[in-house]
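Indexing begins at 1, ligand by ligand and atom by atom, following the structure's order.
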Amino acid sequence: MVPDFHIHTRLSFDSQAAPDAVCQAAIARGMREFAITDHADMNPLDGGYGHFRPEEQWATLMECRARWNGRITIRAGLEYGEPHLFGETLSAILSAHEYDVVLGSIHWIGDRPVETAEFFHGIDLEEGIHLYLAELARVAEEADYDVLAHPDIVRRAVFHHLGWTELDWSPYEAPMRRVLRAVARRGKAIEVNTSYQRRGMGPPGPSVQVLRWFWEEGGRFVTLGSDAHRPEDVGADFAIALGMLRAAGLDSVTVFRRRKPYLIRIQESL
Ligand SMILES: [Zn+2]
Ligand SMILES: [Zn+2]
């Protein structure tokens, strides 16, 4: 089973999952390694603001690592909101402990939440998506991160706004390619996030079309993330995501160890 590199526990403000239950779920799914990536939000608008306690998180991760040693390898991660805006705090967190992976996420653009219909307040679809991609380019080009998490998250806003379960990125190919090129050039990864599927918002994303563009721009590193907030969602719908990778011509998934990417061939891991 391909490693899940986007999982939350009760150390995230929006999850009740016991870390040990998450480890058990990953083992039950046949994973040999996975990453715990709890929210670290420095944006005062976010529900997670003020919630992240780096020392408590680190102690919990190390306890889990010791307890499950020999059965599964736990990679220490973070999902960091708006890393292009809150870089100093991120550097301080990363200098204190040896993290394996940093997911860079956009959850807010100014005072607009990118996951709800409110995102499109006073602007049309096209304006909204261009606004989103311009911000994503800033993250891709400037921020410290390993994986650009849910790079098509604006789909959630589109879903709530218009009910669409898919988004054709063709009209936005140039700005999306700019993002993907920056990720590729910097040797970083994008994530295929499967949470849309179980939330009834359409297939995992980004789409095969976007994954192909990533490959054409020189991108080689793609992680899989369930974005699980409950143990039962660990590794959810990875078969669909792997089918999408293959359709895009990718034969490997990526894991991060001490913030370095390693490719795992899809066949070998199954
Ligand atoms: Zn997120
Ligand atoms: Zn997440």
Side-chain angles (χ1 to χ4, degrees), residues 3-19 21-22 25-26 34-49 51-52 57 60-61 74-86 90 93 99-109 112-116 118-119 132-133 135-136 138-140 143-160 179 183 188-199 201-202 204-206 210 222-238 241 255-256:
D4 191 337
F5 260 64
H6 190 156
I7 298 176
H8 297 276
T9 75
R10 66 170 173 238
L11 294 172
S12 293
F13 74 102
D14 54 358
S15 169
Q16 305 293 322
V22 165
F34 73 105
I36 291 179
T37 55
D38 281 305
H39 286 295
D41 291 299
M42 303 306 143
N43 190 331
L45 293 171
D46 199 89
Y49 179 68
H51 192 91
F52 180 67
Q57 191 220 23
T60 304
L61 285 171
I74 302 166
R75 304 295 174 195
L78 286 175
E79 180 180 9
Y80 199 81
E82 294 84 53
H84 59 312
L85 301 179
F86 304 102
L90 178 58
I93 294 167
Y99 280 90
D100 291 299
V101 64
V102 176
L103 309 186
S105 293
I106 292 185
H107 298 126
W108 293 87
I109 298 178
R112 292 177 191 272
V114 299
E115 296 174 70
T116 70
E118 215 183 304
F119 181 73
Y132 170 73
L133 287 172
E135 196 78 359
L136 191 63
R138 286 192 59 198
V139 177
D144 187 10
Y145 65 94
D146 301 308
V147 181
L148 198 59
H150 44 57
D152 61 345
I153 193 174
V154 76
R155 264 178 64 193
R156 291 189 191 172
V158 173
F159 173 82
H160 292 301
V179 169
V183 175
K188 300 185 183 295
I190 60 169
E191 169 189 85
V192 173
N193 187 295
T194 63
S195 69
Y196 306 98
Q197 184 81 31
R198 65 179 184 274
R199 291 165 170 231
M201 293 183 184
V210 172
V222 180
T223 62
L224 259 50
S226 66
D227 213 343
H229 288 67
R230 304 177 307 173
E232 57 266 42
D233 292 333
V234 169
D237 300 307
F238 274 18
V255 296
F256 281 84

Side-chain heavy-atom pair Y145, H84 within 4.5 angstrom cut-off: no
CD/Q16: more than 12 non-hydrogen atoms of other groups inside 6.0 Å: no
L148 CG to L136 CG distance, which is reported to the nearest 0.5 Å: 4.5 Å
Side-chain donor/acceptor of R198 to backbone N/O of S226, under 3.5 Å: yes
Atoms of protein origin (N, O or S) under 2.8 Å from the Zn ion (ligand 1): E79 OE2, H107 NE2, H150 NE2
Residue pairs, two or more places apart or on separate chains, that pass salt bridge (Lys or Arg N to Asp or Glu O under 4.0 Å) and touch residues 146-156: E115-R156, D146-R259, D152-R155, R156-D227
Step-by-step side chain to side chain contact (heavy atoms under 4.5 Å, CB included) determination, H107 to H150: CA-CA 10 Å; H107 298 126; H150 44 57; 3.4 Å; yes
